[in-house]
Q: 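Take a look at the following structure, please.
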Amino acid sequence: MPGAIQSVERAAAILRLLGGAGRPLALAELAAALDLPRPTVHGLVRTLRDEGLVDQDRATALYRPGAGLRRLGSGWDRHDLRAHAMNWADALAGGTGCAVYLAAPVGTAASLVHHVFRPDGSPQTLRTNTEQPLHATAWGKCLLAFAPVATPPARELELRRYTGRTASTVAMLEAHLAAARARGMATDVGEFETGVGGAAVPLRSGGGLTVAALGIAAPVEELFGGGGEPRRHLAEQLQHAGREISASLVTPR
């Protein structure tokens with residue numbers, strides 16, 4: 001059998017870098033990360049750009065995953081995602097007292113694949129198979145921050161204001177996404193529904209690509225402590241469940 005094709009390996013490495021960076025990258029950054037000459041990397045990204053797999057910002061010359069990659073999809077069926085997450089989602093709801101959501105990117109929305117009610121017996125509406133805005137929910141912002149291959153850039157979204165706290169400008173949303181990447185978790189403090197907050201972490205499959213978001217939701221005062229950060233014991237349980245589900249996605253049952 002013939003060996004690996006070097007140019008294909010390098011192109012794949014570029015796509016992994018752009019997909020995992022969470023922000024646009026310069027040619028120099030790509031070349032340094034790959035330890036390759038700039039002309040070599042430029043030829044590769046130019047070809048990927050011509051094929052629609054990479055986009056280049058005209059103003060900054062920075063590169064990001066292209067729309068062609070988003071059309072390829074994550075490769076994970078929503079029913080498979082739900083099957084991998086169900087047990088951990090149930091346990092997470094029981095341990096935190098919060099509602100739990102599993103969301104996957106679909107076009108310009110976050111599609112709710114699974115929803116576990118808060119275990120307090122209060123009246124709740126099942127939201128499985130509904131869609132929510134990427135820019136105004138914790139799970140939506142998690143997908144924007146960590147799954148740039150599968151979601152559109154902020155400037156292409158309709159940034160509708162749902163509450164007085166909604167990130168309704170590109171600059172505000174990008175600041176939220178930068179904060180999410182820094183903490184490894186996205187949040188919304190009553191940005192979609194007044195008084196209801198959320199926190200979400202990325203679920204990653206093989207290759208480290210984010211394919212979904214796992215989130216918890218509760219009244220803002222219950223979910224967040226001082227400084228607008230999720231309460232530590234809730235954040236730790238969410239992160240633990242996210243790691244376990246991601247591990248099952250990397251090594252399918």
Side-chain angles (χ1 to χ4, degrees), residues 2-76 105 107-108 110 134-135 140-157 159 167 169-187 200-213 239 242-243 246 249-250:
I5 299 174
Q6 187 179 66
S7 60
V8 175
E9 288 183 328
R10 289 173 173 177
I14 289 171
L15 294 176
R16 283 195 294 270
L17 283 171
L18 293 175
R23 62 176 178 84
L25 296 177
L27 178 65
E29 293 178 290
L30 290 170
L34 296 170
D35 194 23
L36 291 173
R38 289 195 193 186
T40 300
V41 177
H42 182 257
L44 291 166
V45 293
R46 183 178 59 194
T47 302
L48 291 169
R49 183 193 63 196
D50 292 345
E51 294 298 322
L53 300 178
V54 167
D55 288 339
Q56 185 179 25
D57 187 280
R58 292 184 178 181
T60 65
L62 299 178
Y63 297 95
R64 61 171 293 126
L69 280 178
R70 296 199 293 273
R71 288 192 291 269
L72 293 177
S74 69
W76 275 94
T108 59
L134 290 171
H135 71 288
K141 287 193 286 184
C142 181
L143 294 171
L144 287 173
F146 298 104
V149 169
T151 56
R155 65 181 180 275
E156 294 180 9
L157 295 174
L159 301 181
T169 68
V170 172
M172 186 184 302
L173 177 57
E174 288 182 340
H176 285 205
L177 301 183
R181 296 182 192 111
R183 70 160 74 90
M185 176 185 300
T187 62
V201 296
L203 299 181
R204 305 179 190 275
S205 67
L209 291 179
T210 295
V211 295
Q239 290 167 329
R243 287 192 297 268
S246 292
L249 295 175
V250 172

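One-based numbering along the sequence shown. Keep in mind the model is a prediction, meaning the values are calculated, not measured.
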Q: Report yes if some heavy atom in the side chain of V54 is under 4.5 Å from a heavy atom in the side chain of L15; otherwise report no.
A: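 V54 vs L15: side chains touch.
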Q: Which pairs count as side chain to side chain donor-acceptor pair (under 3.5 Å) when at least one residue sits in residues 175-184, sequence neighbours excluded?
A: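 Only K141-H176, R183-E229 qualify under side chain to side chain donor-acceptor pair (under 3.5 Å).
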Q: Show me the side-chain donor-acceptor pairs of residues 19-35 shorter than 3.5 Å, one per line, residues at least two apart or across chains.
A:
residue: R23; atom: NH1; partner: E29; partner atom: OE2; Å: 3.3
residue: R23; atom: NH2; partner: E29; partner atom: OE2; Å: 2.8
residue: E29; atom: OE1; partner: A26; partner atom: N; Å: 2.8

Q: Report the residue from V211, T210, T151, L144 that forms a side-chain contact (heavy atoms from CB on, under 4.5 Å) with P105.
A: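 So the option named by the test is T151.
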Q: Distance check, rounded to the nearest 0.5 Å: T47 atom OG1 versus H42 atom NE2?
A: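 Interatomic distance, T47 OG1 to H42 NE2, rounded to 0.5 Å: 9.5 Å.
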Q: Is the backbone of A61 close enough, under 3.5 Å, to the side chain of Q56 for a donor and an acceptor to pair up by distance?
A: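 The answer is yes, because a donor-acceptor pair under 3.5 Å joins these two groups.
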Q: Got a sec, which residues hit side-chain contact (heavy atoms from CB on, under 4.5 Å) with A11, two or more places apart in sequence or on another chain?
A: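 Once residues adjacent in sequence are excluded, the partners of A11 under the side-chain contact (heavy atoms from CB on, under 4.5 Å) criterion are L48.
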Q: So how far is it from C142 SG to L177 CG, rounded to the nearest 0.5 Å?
A: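 C142 atom SG to L177 atom CG measures 10.0 Å (nearest 0.5 Å).
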Q: Using the salt bridge (Lys or Arg N to Asp or Glu O under 4.0 Å) rule, collect all pairs that involve residues 169-178, keeping only residues at least two apart or in two chains.
A: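 As it turns out, there is no salt bridge (Lys or Arg N to Asp or Glu O under 4.0 Å) pair with a partner in residues 169-178 once direct neighbours are skipped.
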Q: Can you name the nearest heavy-atom pair linking L18 to P148, along with the distance?
A: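 L18 and P148 have their closest heavy atoms at O-CG, 4.1 Å.
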Q: Taking side-chain contact (heavy atoms from CB on, under 4.5 Å) as the definition, give me every residue that meets it alongside P39, ordered by chain and number, with sequence neighbours left out.
A: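 By the side-chain contact (heavy atoms from CB on, under 4.5 Å) rule, P39 matches P37.
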Q: Could you tell me which residues satisfy side-chain contact (heavy atoms from CB on, under 4.5 Å) with T108, sequence neighbours excluded, listed by chain and number?
A: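 side-chain contact (heavy atoms from CB on, under 4.5 Å) check on T108 returns P152, L157.
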Q: Apply side-chain contact (heavy atoms from CB on, under 4.5 Å) to R10 and list each qualifying residue two or more places apart in sequence or on a separate chain.
A: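 Per chain and number, R10 pairs via side-chain contact (heavy atoms from CB on, under 4.5 Å) with Q6, L36, T40, L44.
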Q: Between A110 and L143, which heavy-atom pair has the shortest distance, and what is it?
A: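 Nearest heavy atoms, A110 then L143: CB-CD1, 4.1 Å.
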Q: Shortest non-hydrogen contact from F146 to M185?
A: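 Shortest heavy-atom separation between F146 and M185 comes out as CZ-N, 4.2 Å.
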Q: Roughly how far, to the nearest 0.5 Å, is CG of D57 from OH of Y63?
A: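 Going from OH on Y63 over to CG on D57, the span is 11.0 Å.
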Q: Could you pull out all residues at least two apart from R243 that satisfy salt bridge (Lys or Arg N to Asp or Glu O under 4.0 Å)?
A: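 Applying salt bridge (Lys or Arg N to Asp or Glu O under 4.0 Å) to R243 gives none.
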Q: With sequence neighbours left out, write down each residue that passes side chain to side chain donor-acceptor pair (under 3.5 Å) with R38, or none if nothing qualifies.
A: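 Testing R38 for side chain to side chain donor-acceptor pair (under 3.5 Å), a comparison that skips the adjacent residues, returns none.
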